[in-house]
Each structure stands twice: as structure tokens, then as C-alpha cells.
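Since the model is a prediction, treat every value here as computed from it, not as a measurement. Chain letters run A, B, ... following the sequence lines, proteins first and then strands; every chain starts at 1.
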Amino acid sequence: MEVNRIRALRGPNLWSHHTAIQAVVSCSPSECAIENITGFEVHLRARFPEISLFQPTGQVGSIPMAHVLELAALGLQAQAGCPVTFSCTTPTVDACVYQVVVEYSEEAVGRLAMDLAQALCQAALDDSPFDLAHALSQLRELDEDVRLGPSTGCIVDAAVARNIPFSRMTEGSMVRFGWGSKQRRIQAAEIDVTSAISEAIAQDKELTKKLLAAAGVPVPNGRAVTDAEDAWVAACEIGLPVVVKPNDGNQGKGVTVNITDKAHLLKAYAAAAEFRDDILVERYMPGNDFRLLVVGDKLVAAARRDPPKVAGDGVHTITELVNLVNLDPRRGSGHSTSLTKMRFDDIAHACLASQGFSADDIPAKGQRVNLRNNANLSTGGSATDVTDDVHPDVAARAVAAAHMVGLDICGVDVVCDSILRPIEEQGGGIVEVNAAPGLRMHLSPSFGKGRPVGEAIISTLFKNGQNGRIPIVAVTGTNGKTTTVRLISHLLTQNGLCVGMTNTDGVYVGGNCIDTGDCSGPKSARSVLLHPDVDAAVLETARGGVLREGLAFDRCDVAVVTNVGSGDHLGLNYITTVQDLAVLKRVIVQNVSPKGVAVLNAIDPNVSIMASKCRGSVTFFAVDKYHPVMATHRAQGQAVVYVEDGHVVAAKGDFQQKIALADIPITLGGAIGFQVENVMASVAAVWALGVDWDVIRQGLALFANDTDNAQGRFNLFQYRGATVIADYGHNPDAMVALVQAVQAMPGTRRTVVISGAGDRRDQDIRQQTEILGDAFDEVILYEDQCQRGRQDGEVIALLRQGLAQARRTTRSMEIHGEFLAIDTAMDKLAPGELCLILVDQVEEALAHIAARVAKG
Amino acid sequence: MTDKKNIEILRVTHLRGPNIWTYRPVIEAWVDIGELENHPSNTIPGFYERLSALLPGLIEHHCSPGVRGGFLQRVQEGTWAAHILEHVTLELQNLAGMRTGFGKARQTSKPGVYKIAFRTRQEQVGREALAAARDLVMAAIHDTPYDIATTVSHLREKVDSLCLGPSTAHIVDAATARQIPSIRLTEGNLVQLGYGINQRRIWTAETDQTSAIAEEIAGDKDLTKSLLQSCGVAVPEGQLVRSADEAWEAAQDIGVPVAVKPYDGNHGRGVSLDLHTQADVEAAYRLAHRKGGGSVIVEKFIPGNEHRLLVVGKRVVAAARGETVSVIGDGISTIDALADLQINIDPRRGSGEDAPLNTVNPRESAEVILELERAGLTPESIPAKDQKVLIQRNGNVAFDVTDIMHPTVAATAALAARIVGLDIAGVDMVLEDISKPMNSQRGAVIEVNASPGLLAHIKPAQGQGQPVGKAVIDHLFHAEKDGRIPIIGITGTQKTARIARLVAWLAHISGKHVGLACSEGLYLDGRQVVATDCAHWEAGQRLLINRSVQAAVFENGSKMILAEGLAYDKCSVGVITDVSWHESLSEFDILDAEQAYKVVRTQVDVILPSGTAVLNSADPQVVEMAELCDGKVIFYGLDPSQATMAEHRAAGERIVFVRDEQIVLAQGMEEIALLPLASLKPAKASQPEMVMAAVAAAWALNIPPELIGAGLRTFESSPKKTPY
């Protein structure tokens, strides 16, 4: 078995809506039916018993090893704890070659699972050992490494539940929600509007205290001290007991509480001085440690934090008791689990000593032994949810503290006896505020209910049910998609939006070209979706990208399929028939949001059939409103766009809007058929987005398809009284459309200049001239460097064959060089004649033509 | 006789707000000049000469003659030591870089004892300048040596470490120019602009809108570059490398020439440019690794000049260009010497924070040594006559080019800041020509920096300084906003605490989050936070820095004005109940009602032009203050026929009086509202003046009379029963 072409499908794709690993798997003939390989299944199940059945009960038939690989890769991930369920294997046109698709939740884990699954299959074949436990722990560790931590994860989950798209910006915890100008960012429990100044203030305990005092929030008295002696002086001023801590420490580092004498204080000072030079001495407030989580202007969760302790059983030593507690599987070593292992370090020993214990003592049954004085989770403490018990005054103080410092998400540390009564009554106080607080004690407290803090954070980021989405229009088809993309972008721009557009020419944002070349893939689409200025995206979505990586977006508002026709680029990547191609182009239709619209060509049966796969509604377009698909759709009260009495008509039930073709310059008053189609598709798309009809009318009137707008798409020139049209059409469907358009235009004598792109099938090259031969008087064939892998003269020969049956062409000639061919054709033009130039090197050729036209 | 001459500094008080001397914080010092009372300056031989030789800058002090040289003229004609001490203190502050102008000296009731006051921006510096000034004056009197240079450099150090940094100070000055008040929150550069709920914060060139996440992104060069690139902003292709070998490999991948720099480096440190050979790349790697202490990045070298574009909000407000630094050989001197001769002689070069350009030390700078090494030279090499030797490729970016910047270049920089998410950013770009369109040249964004230094734009080495502070302020405050909240100050001795509480209550029921600092405590939003006397500066500051407070009410006694100054710089409403002298003012050498007037008027002096003075018409001294007020005046009194009241009303202005057991609010001849005293609790009804003062203040705040009436009925005088 050979596993080739492993790809990550990072968005909705041909196979499913899931992210998935896709591979092309070639099996040897014997591997095409594993039931014939003696012992294989037995060996495999012995090594990985949890792998699912190879086929549903009762089904019989050959099972290729590719299918086993698929199930193993999925099963391994599932056993390692990844939330994955989808996989499939499909045969290709080649015998014994399969496409295997396996869902992943983390790309790296999915890739590793694929490798391990392959090793597993091999081990089963060879009857050699396979270490399942090691494989699973490898996967688990990698997953824990790369997946989001619990704090960030809960926010992302809340976003997903609200239908807000997200993407990770780093391998760490920086995440982007939403798209374009609506995007927001978080980093763990920190949001994009949280100012750096506020975070710096929260780090400065003394400044924080000053500000909190100004906000009327009770804080412990105290001051900064210069040395150990000054610390003692300060302690005496404040009154014992006191706390000593570094001014900007975190997670309880260097903090000593409940200091009652000078010796203890000096030791505490030394401990704090290890971390910082600036040390604070504060009044010690006895009581419990509470952590209140403020999000926006609300208290959303509260927890009591208890220091790590063990209870004696009269049998075990303290060391043993600690080890027993640490056996709890919920206790991990980092921040990713709900509890952390108790640390049994010097601080713990010192704490024991202060209670008169040593590590080897056996405490009496029921006797409690503290291991630390502070209650941080990261040193093994526990958290008890007390959210429902917080007195409103306490909540108000916490909110005031967060507001004063300027933190949108803030962990407020309160020390007081009880959270049920106002802090002031108990002589308690707020001892600290924390930017980017940990959330796990609220999500999965050691005791009590978890709280939906992710939802609260998402609600502050996206108010009033907003979901961070911008309108996305995806456009695909065989012909006309680039003009359609441009026209839709133009209409949305007229509507006052900054439009991001991708197509085969480049990437444009607000009219500025930010990238050139074929940009119809997911990478370009993503760059539009994350651009901070973009209010709406219009994305040409070509087949290649969908095959390679899947879509760049999880769903779109409008999907436009202009046509599939007889297809283009058939034969690549196992897309061999027009139906295959239609299934691929259908992916955008399948991913229209439930409130979105698919705009489909009613005439093209391969397109109109996609309607059944759309979760949203469908708008059909066709010139002929009586076409059965159109008529049926209309009768059902659905939206259609058609042409009637020289008008483009948009109709839905009783609603109707008309725009005269005479007012739409690119159709030349309706003469250019394929432009009428493009206009209908575009109108349907912006109608679906609710663009005002006056804006649509104006926009159509202003849209000129000149060279600046869409290079190589029916660019019109007037030259010495003759009409010159330049176009980059290169497939039979495009030829038909061009011919139809050109025939609608006046022209006493018609010339066409053409070459063929070498990477097309012979029949497609030939067919082009077959079509042209019926419409043009003269054909100038040219050949340039751009042979795309064919011998010199080969393409011209094919083109000549196409002309053999020509009904109109009376003259033809061959010229070497694109520019020379253009010059030859243009030199011969007389007033009233028409010349279609099918350009190959688009930019250069257009510049060449424009220069000649300018010269006159 | 000479032995007895001495100046004794009796007490020094920092008045932190508007005070009897001026609107701004000053240091007030009481000094006893003893014998010198009998020895004015003209009687001390050589004193004038010695003083003006020590401090030639005194020529700029205008003093009472109001002309240049005015003060020195007074010294020549004869003036007293306390006055001289004041001017010398100011001059020392100026020399130390803390520019101030205001000073005054006044005799007290005790012969030889003076009060002097001088403006200072930082208490500690002011105190030290005063002490130094005393020693200097004494040295000039006694004709003993005085080391002025040491004093000034000591004070200068103090200014550098204690005063606001130059960037922050520049922004604060721009705020002041727009009448936006400021409060320094720490000893560092954290400054609050505006008061209460309308405040904003800045910390050097960061604002409270500067996102922490955006700063994190800016700090991650790789992430920044990938974000910029995907949005179509040109960035140099680059790779992180971990060894010299990898660096050369990367250089070949990317294609020479390359630049090598520390991943986490600051501007210029450890950066080598235009490297072509393996040896150069590897040497540059080692330098970058040493300077950055970690990862090193190899980048495509983009020819052109380094530029720094400062983005504030959504636009570029200043642009500066960096220039290469070279020396030209004379055939005699070493490169090190040439640097001193040709480069470091530039007065703009220095090592301090204030100097627009750094000095160049070929012998000490590793970047320069490496650059020379690549040309086969060392700092000790002696270039031939007229040989040009390149020393530094990325020197200070300090040549202002704001005015010639092409809009597409500006748009690119602004977009880069927006992509990272920074509201203020320094965008480093390499450009061939900043005046040409972006797409007509090879250019790229090299880095986006959070909290950029502003100095290169404020004080460029060449070209015009740009008003970047103003841009920051305009970014934070809309054109018509001044960051203020309604502030009501109440001064006098007649139930001012009760008036303050009542005004706070009336403002509270009008829907505002009100802060109150009075002798009966500190109140926030209807809650007594402190129960002890809070009619002092510190408590007042608490209200102003509170981000929730929408209106603040202050009781200001005369003692507080004398000992501390007011907590706020300006107010909307100033209420004066009376001017009364009291024994307790004697300790401030305020000995009668006339002097007390000067204290109380401080409250009226700080009323904004849009504000209102509420004055008791029954006290002639209070009535006199009407003309000091920049805003409107409301008089209150029992008797509307009293001359002041009648005249004011006749002029169409507002008065509040009592008629037929009703408080009447009248504007001109129109009676706006009637509030029957009978509807009030007896305790209030028995004190109509107190009620009238509060009502007038509330009226001045545009609280509707019906609401005022309702508030009067619901207000409880007992602090236990009321939120205020």
C-alpha cells in the first residue's frame, strides 16, 4: 500500500463540512480485498481492538486496505480523545487506487494518525508488533500541545455555538473571531480592546490600590518598603499581622501571608526579594480567598479558593498523603486540566514546619494539614464555585475595581470571611486585580457548578447577537465568473462597502490590487477575509483550491454558479466528467448558510440540479422565464431573474423590479448574450444581500467592462472605424458565447485572431476553431512561446483541423508571434469591419492593442 | 557684619492646585532673611556682578519692569534677598531643563520674613532648586566660590529621572493647549487627561485604546510580517535562523543581498545590512545573536533609506528619514578621530535622551566595527585623503520628511498599523523615495512598533518638528471635547458642607454618578465611602481620578486653599457663602478679612468662561468677587430689593431670593420657579440661605427647577438617612 498526496482540507470540501486529511492510496492487487490476506484482520484487531467494523453488519463484499487505513486513522484519533467522526474511502477511475478522507480536529494530529494507521496496517500485514499505548500517548500529547487551552477553548466553543467563525492566529492562544472589518481578537482571556495601559496598571499593585481606593473599593492599607528594616517599620505602622509581597508578582510568587513577628517578616522579605526589588507590606486580612470574574460590566463567576491541604488518616505520612491526592487523574502538571498537582517543595515544607509537622509525620485521622498559605490553583489549591452567593454590593465593588483599572475581563481577588455579606462589613478588601485571568476554576471548579464564562466573553465581543460575519459571495462556473465577480463587487462598492475581491487576475481590497496572478484559491480568499478594511467579500472560487484545501470559509451568504457547460480542465485530479466537475462546483452551494441564497443558472441542467443541495433558498436566472425550471420556481413564489421586453426582471411572488438593458452598457443594449447572463447572476446576488434597487440600477449604469476593469474580458476598442474586441476565451463554451455576442454586433467583415493553449485536450482545441469557422470570414492562427508542453506547430495543426468544415471562413493564415498576429490583423482592418483577438499574454497584448489604438 | 547675613528657609509647602498665587501648582517657601533685610542688593559690593556672572540667563527675567533685563535692573537698583532667591530658583529650574516662569515674593507681617512662591512642575526638583538657590545667593553675597555646573547637572539628573519624559510632556502640553486638564498618576509617565468619566489615559506614546494584544502582535515580528503580507503590504521575505550556517543557507534561499537582525531587537541594535558574502552573513549572525541574545532573522535586503512613519489613529502624522553616516579621509586621522571631527561635532549629537542624534563611536559600536570590517578597515585605519568611508547605514531616523510623503506611502503605513491593531504605531519602512508612489518603487514595511518614540518627530535633526502631541490629543478627544466633568466648588464658612451635600444630592437625582468630598466625608454614587473630614486635596483627587464620576462636588475651606491648593484646575460652578476671617488662618499669616478675601477669591478665579459663580449678595466682599468671574454670576439673598440683587436682575441675569415663604428663581424680570419653604423639612426651611446657595448651584448646572424642588423635599439633613 502506498499513501500519496496527503493533503489537509482546511475547510468545507468535496467530501464533507469537516476539516479532513485526504490521501490517494494505491493498493497492490492483493490489498484490494483484505479478506484474501490470511490473518490480516485478526492481526489488526489484536493490535487495535477498538477499530470499528470494516463494514455494516450483514454487508458483504471486498474491503480494500485503503478502507482499513481510513478506519484506523479515524479510530486512533478518537481513542486519543479527539472529537472526530467522519471518514470515507472512494475508488478512483484507476484500479486499486482510492481516495481516503479522514476528519481531524487538529491538523498535526490528523497527519500523525495517518502515519500511525499506516504503520498499524503494515504491522498487521507483517505480523510484527505495534505499540498501541505509545501511539495513543503520542497522539494525546501532540493534541494537548497543539489544541487550544481550556480558557481559550471555552471562548472559542462559545463563539462556535453563536455561529461566529474563528481562526487561530498563532500556535498559541491568539484567536481571531469574525472576518474583515468585523473581526475581533482574543488571546486567552484577554480581548483586543483591553488596553496595554490597563494591564500595566494591574501589574502595579500600589497604583492599583490607589485607583481602587479612588473608586471607593476597600483595599488593604500598606506601602512599598525600601529594605527589610523598613518593612518592619511599615508592619508596625500598619499593625500586625501583615502580608509581604513583590509589587508586580503573579501567581503568588514570593508572597507570605499572616506575618505576626519580626523574624517571620524578615524571612518573608527575603523570599519576596528573590523575585523583585520593590516589595509591598500590607495589612493581612484574614478570611477566605475569593476570585471574582468580571466580564464587561458584569460579575459572571466567583470561586472560593482553598489552599492545598491533606486530611490525616492515622496511617500515612504527609508525603504519602500528598502522593495519594496527586493520583487524582484530574490533577495535571500544567494549566490544561481542571486541577493541578500539589507541590511538595520548600514552601510546602516551611508551611508544614509552621504547623509543627515534618513530611514524615503521620497526622491523626481527620487532622487537616495545610501545604501552603495561598490558594493558587497552580500550586495545587482547589476552587469552589460560589457565583450564586455573591452579595450584590460585593459584585458592585468587583465591577467598580475592573472598571477603574480599565480591564474588560478581570479577575478580582477578594479576601473576606464570607461572600454573602458586603466586604466593608467584614473588614475585608480587594487585594489584587488580574488581567487575562485563568478561567478553568470557573469552567470546571473542584466543587460546584461550572459557569458559562466563554459565552459571557463572546457577548462582550459581539453585542446584540452579532456574529462577526461579513457578507460573502462565492462565485464559480466555467465561463463568466470573473466578470460576475467584478460586477458584484462593483455593485457592493456602490452600496458604500469596502469590498474584498479575489479572482483569476488578483486580489483587490477597496479597489486596490494587493496581489496579482491567479488568486481564485483559498489562500487569497483567506487574505481578504482577514483584511481589517473589508466589509464584504466576493470570491471567485476555482476548482483547484476546493480540491486542494477545501473552502476558505465555513459558509457563504450567496453562492453563484454561472454554468458548468461542457466543462474545462477535465481529466485532472480524478475530475474526469462534467458531472464530477459539477459535484465539485456544488461545494459552494452546499455551504450556503441557511439564511443565504444560491444563484443558479436555470438553463444548465448540471447547475440547476444543485438547488436540491442548498440549505438556503435558491434564485434561478435565465433569459427565458418560461423555461420549465424558471416557471416552476416562479410559480412556487421563489426568486427568479430573467429578461423580458428589453429589461432584466427580478421577480419573487408579487415583488418585481425591472432594469432596462439599454441602461446596462456592458450588454450593449442586450446584444451581448453572455454579458446579459453575467448581469442576471450579479443582480440576483446583490438582491440576495438586500442592496437597494436604485443603487443596483446606478451601479449597472456605471459599470464599464473596459480594460481597466477586467483585463481580457471582452475589451472593446474602436480602431480606424473598425471594432476590435480582445478576449481571453480559451474553451469551447467561451467560444460559443463570444460568437453569439460578436454576431449581435455590426461588422461588414469579420476576422478572428487565435492560438490554442497547449494544456487543453486535442478535441477542445479543435472544437474552438470549429465554432469560429462558422462565424468569421478570416482566421489568423498564431503560435507563441506559450506552448504548454506541446511541439512547435502541433497546436496550429489542431486548430487547422477544426477549420476543415468551416462554413464561413474563406481565408486563414499562420503567423509566428502573438504581437505580429495582432499587427497583421489590425493593419488590414477597414472601417465597419470587426476583429476579435483572442489574446494569450493578456496584459502585454492588451497594452499593445491599446498603444496601437491610441496612435490611430 | 558679614557673619550675620543669612537666609533661613522656615517652611516649604507644595501647593498642588490653584492657590492664592496662581492657577498652577507652586512651591511656597517662607524665608527669614534676617540681617539682609537691612542689606538690599545694591548695598553689597560686587554682588550684582557675581550673580550675573554665575547666572547670565537672569538677563531674560523681565520681573516688574516688564522688559528684558528687568530683574537685573532691580538687582542693581536694590532689591531684597527673598526676591533674588525666587528668581535664582526659577533660573536654576530653567537651566535644569524644567522651564517655568512664574514667581512672586511678598513680605509677611514679621520683619525680614518673606513668602516666596515659584512655579514648579515637580515638587522634589523645586525643593532642591530652592535649596541650591539659597546656597548660590549666599555664595554671591559672601563672595565665596560656587560650582554652578555641578548644581545644574545634579538638578538636570533630577529632572530626567523625576519629571515626565519628553514624549509624554509633549502630549500633555498639547492637552493643556486645548484646555484639557491632566493628572500624573505615577512617578512614571502614566498621565490621566481629563477628569472622572471623561478621562483618558496615556503612557508615553500609548493610549488607553492601545490594545495589549496588538502590542503582543507587534512584538512578534514573524506574526506581524505574515499578517501584513496577507493583506498585501510589502514586507521583506525572511527566515528565522538558529546558527551561522543556517543564516547563510537562508541567505542563499532568499537571495543576496540580505539583512541580518536580532529577532527581538530594538531599532538598529545588532542590525547589519546589504550582506552579500558568506563571511559577512556569518559575522552579522554572530553580532545579531550577541546583541539580541536569541533568535536571529535573515531578511531580503531592500535598498533604500529607512523611514519611520508615525501613525496616530487612522493616519500618518509624521515621517522621518534615516541617513547613512560617512566620514571623508584627510590622509592623517583615523576613522575614530574623523568621526569626532566630522560627525560628533554636530551640536545635535549627544548621548542624552533629549539629543536628536546619537554620537557615533566607531571604537565602541559593534555595528560600526562590523561595517568597517566588511570594507577591510578598523576604527584605527587612516583613510586616504578624500576617501569616503561608510560608517553607519541605519543611523538615527531624524530627518523630517512629513511634507513630501506620498499619500500611497502614508496609506500603506496606516494600513500596517490597522492590521496589527495599534492606534499609535511607529511603522518602519525602507523606501527609495518617500515622495514617490508605493507601487513605483521597491519598498517594504520592516517593522511595526508599539509605543514609538516621538522625539524624532518633535525635534528632528533637520526639518520641521511635527505637532504629534496635538495629533495624539485630537485622536483621544473630539474637537469639541475638553475631557471635563461638571465640578462644583463651595467655599466659605456658612454651612458649606451641608450645601455641598445638597448640591450633590440634586446632581445625583438628575441622573449623574456624583462624587462628593466635604468635611462630612467622601461620597461616591450615593454611598459614604469615608466618614472623616474629606475637605482636602487628596480626597478631591480621588474624585477626579475615579473613572465613574460624572459630576464632582467639593467643599474647599480657606485653610485647604492655603495649605494645599484646590484639587481641580477649573470648575463649572463656584459657590461663595461669605468671606470671614478666623483665628486659625493666622498660621498662614492671613491676619484680617481683607487678606482672607484673597484666599477665597481663588475659588472664583478658577471658574470656566462657560461656568457660573454663585455668590451671596449679603456679603459685600463676596459681591466684589463678581467681577473676577470669567463666567456668569447668580446672586442669592433674602431680599430681592437689595441693590446688588436688583441691579443684577435688571441686567437680565439670574438671582435667587425669598418672597412670601417661597424661594424664587428669577432671570431678569421672568420668574422661573417658586419653591415653597413650607414643603421642606423644618431644619432646611429654617436655613433659607443654605438652601438658596444649593438651589442656585443646581440651577447653574441646568438641573430643571421641578427636579430641584423634588430634591429639596426628599433630602435628609441627617447623614445617616441620606445617600449624600
Colleague: Can you say whether B/Ile419 sits under 4.5 Å from chain A via the side chain, the backbone, both, or neither, judging by heavy atoms?
Modeller: both
Colleague: So what's closer than 4.5 Å to chain B heavy atoms on A/Met174: side chain, backbone, both or neither?
Modeller: side chain
Colleague: For A/Gln187, is it the side chain, the backbone, both or neither that has a heavy atom under 4.5 Å from a heavy atom of chain B?
Modeller: both
Colleague: More than 12 non-hydrogen atoms from neighbouring residues, nucleotides or ligands closer than 6.0 Å to CD on B/Glu187, yes or no?
Modeller: no
Colleague: Name all residues meeting the side chain to side chain contact (heavy atoms under 4.5 Å, CB included) criterion together with B/Gln541; count only those two or more places apart in sequence or in a different chain, and write none if there are none.
Modeller: B/Ile183, B/Trp537, B/Leu544
Colleague: By ring pair (Phe, Tyr, Trp, His ring centres under 6.0 Å), which residues pair with B/Tyr568, not counting sequence neighbours?
Modeller: B/Phe554
Colleague: Please check if the side chain of B/Glu237 supplies one atom and the backbone of B/Lys300 the other of a donor-acceptor pair under 3.5 Å.
Modeller: no
Colleague: Between chain A and each of B/Val233, B/Ile217, B/Ile202, B/Val549, count heavy-atom pairs under 4.5 Å; write down the option with the most.
Modeller: B/Ile217
Colleague: Below 4.5 Å from any heavy atom of chain A, which atoms of B/Thr207 appear? Answer side chain, backbone, both or neither.
Modeller: backbone
Colleague: Counting heavy-atom pairs under 4.5 Å with chain B, which one of A/Val507, A/Asp533, A/Ile186 comes out on top?
Modeller: A/Asp533
Colleague: Between A/Leu207 and chain B, which part of the residue has a heavy atom less than 4.5 Å away: side chain, backbone, both or neither?
Modeller: side chain
Colleague: Would you mind reporting whether B/Arg547 and A/Met404 have side-chain heavy atoms less than 4.5 Å apart?
Modeller: yes
Colleague: Sort A/Thr194 into side chain, backbone, both or neither according to what part of it lies under 4.5 angstrom from a heavy atom of chain B.
Modeller: backbone
Colleague: If you count heavy-atom pairs within less than 4.5 Å of chain B, which of A/Val509, A/Val534, A/Asp204, A/Ile191 leads?
Modeller: A/Ile191
Colleague: Does B/Leu193 offer a backbone N or O that forms a donor-acceptor pair with the side chain of B/Ser182 under 3.5 Å?
Modeller: no
Colleague: Give, as side chain, backbone, both or neither, the part of B/Ile545 having an atom under 4.5 angstrom from any heavy atom of chain A.
Modeller: both
Colleague: When only pairs under 4.5 Å are counted, which of B/Thr186, B/Thr210, B/Leu227 shares the most heavy-atom pairs with chain A?
Modeller: B/Thr210
Colleague: Answer with side chain, backbone, both or neither: which region of B/Gln209 has an atom nearer than 4.5 Å to a non-hydrogen atom of chain A?
Modeller: backbone
Colleague: Fit a plane to each ring of A/Phe177 and A/Phe462, take the angle between them on a 0 to 90° scale, and name the class: parallel (under 30°), tilted (30 to 60°) or perpendicular (over 60°).
Modeller: perpendicular
Colleague: For A/Ala213, which atoms come within 4.5 Å of any heavy atom of chain B: side chain, backbone, both, or neither?
Modeller: both
Colleague: Is a donor on one side and an acceptor on the other found under 3.5 Å between the side chain of B/Asn198 and the backbone of B/Arg484?
Modeller: yes
Colleague: When only pairs under 4.5 Å are counted, which of B/Leu415, B/Val529, B/Leu190 shares the most heavy-atom pairs with chain A?
Modeller: B/Leu415
Colleague: Can you tell me which of A/Asp192, A/Leu211, A/Thr170, A/Val193 forms the most heavy-atom pairs within a distance under 4.5 Å of chain B?
Modeller: A/Asp192
Colleague: Heavy-atom distances under 4.5 Å only: say whether A/Glu424 touches chain B with side chain, backbone, both or neither.
Modeller: side chain
Colleague: Looking at B/Asp525 and B/His513, would you say the former's side chain and the latter's main chain have a donor-acceptor pair under 3.5 Å?
Modeller: no
Colleague: With distance as the sole test, does B/Arg527 use its side chain to make a donor-acceptor pair with the main-chain N or O of A/Gly216 at under 3.5 Å?
Modeller: yes
